[in-house]
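Working notes, structure below.
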Amino acid sequence: MQMGINLSENRSFPQQVKTAGILFLPVVLFLIPFDWLVKQHSICLFKCITGKECYGCGMTRALLSAMHFRVSDAYHYNKLFIVVLPLLALVWVKAVIRLLNKA
């Protein structure tokens, strides 16, 4: 008799991984060292070509600043985080509710 684990037979395993990933996403983002992120170069194509910032430039730094309760820094990086952060939180809560209702 052959003994082995076949993940395709366990259909709930991918769902459990997806649920855990979505639940822990804010924790993982919070654990990203903010000082490391600030020192990184911009990957914005618009900024690299024109030298000017687009409307999305600084959004990642702004969102992570807000997650670390540095609201004034977040506002400095990108003022639109005031709109984007609540929308992302709403999308995250809806995804968590949807996943937990399936379980």
Legend entry - Selection residues 69-99 - residue pairs positive for ring pair (Phe, Tyr, Trp, His ring centres under 6.0 Å), sequence neighbours left out: none

Inset, instruction - State the CG-CE distance between Leu88 and Met59, to the nearest 0.5 angstrom. - result: 8.5 Å

Inset, instruction - Of all the heavy-atom pairs spanning Lys52 and Phe46, show the shortest one and how long it is. - result: O-CD2, 3.4 Å

Inset, instruction - Using a cut-off of 6.0 Å, state whether more than 12 heavy atoms not belonging to Leu90 lie near its atom CG. - result: yes

Inset, instruction - May I ask whether Leu23 and Val28 are part of the same hydrophobic cluster, defined by side-chain heavy atoms of I, L, V, M, F, W, Y residues being less than 4.5 angstrom apart, directly or through others? - result: no

Inset, instruction - Any chance you could measure Leu63, atom CG, to Leu80, atom CG, to the nearest 0.5 Å? - result: 10.5 Å

Inset, instruction - Output yes when a side-chain donor or acceptor of Asp73 lies under 3.5 Å from a complementary backbone atom of Ala62, and no otherwise. - result: no

Legend entry - Distance, nearest 0.5 Å, that separates SG of Cys54 from CD1 of Ile49: 11.5 Å

Inset, instruction - Could you grab the distance from atom NE2 of His68 to atom CG of Asp35, nearest 0.5 Å is fine? - result: 9.0 Å

Inset, instruction - To the nearest 0.5 Å, tell me how far Leu45 CG sits from Thr50 OG1. - result: 9.0 Å

Inset, instruction - Indicate the atoms forming the closest heavy-atom contact of Leu29 with Leu64, along with that distance. - result: O-CD2, 3.4 Å

Legend entry - Heavy-atom pair of closest approach, residues Pro26 and Met67: O-CE, 3.3 Å

Inset, instruction - Answer whether the closest heavy-atom distance between the side chains of Val83 and Leu87 falls below 4.5 Å. - result: yes

Legend entry - Same apolar cluster (I L V M F W Y, side chains within < 4.5 Å links), Ile97/Val91: no

Inset, instruction - Locate the shortest heavy-atom distance separating Ala66 from Ala74; write the atom from each residue and the value. - result: N-CB, 3.8 Å

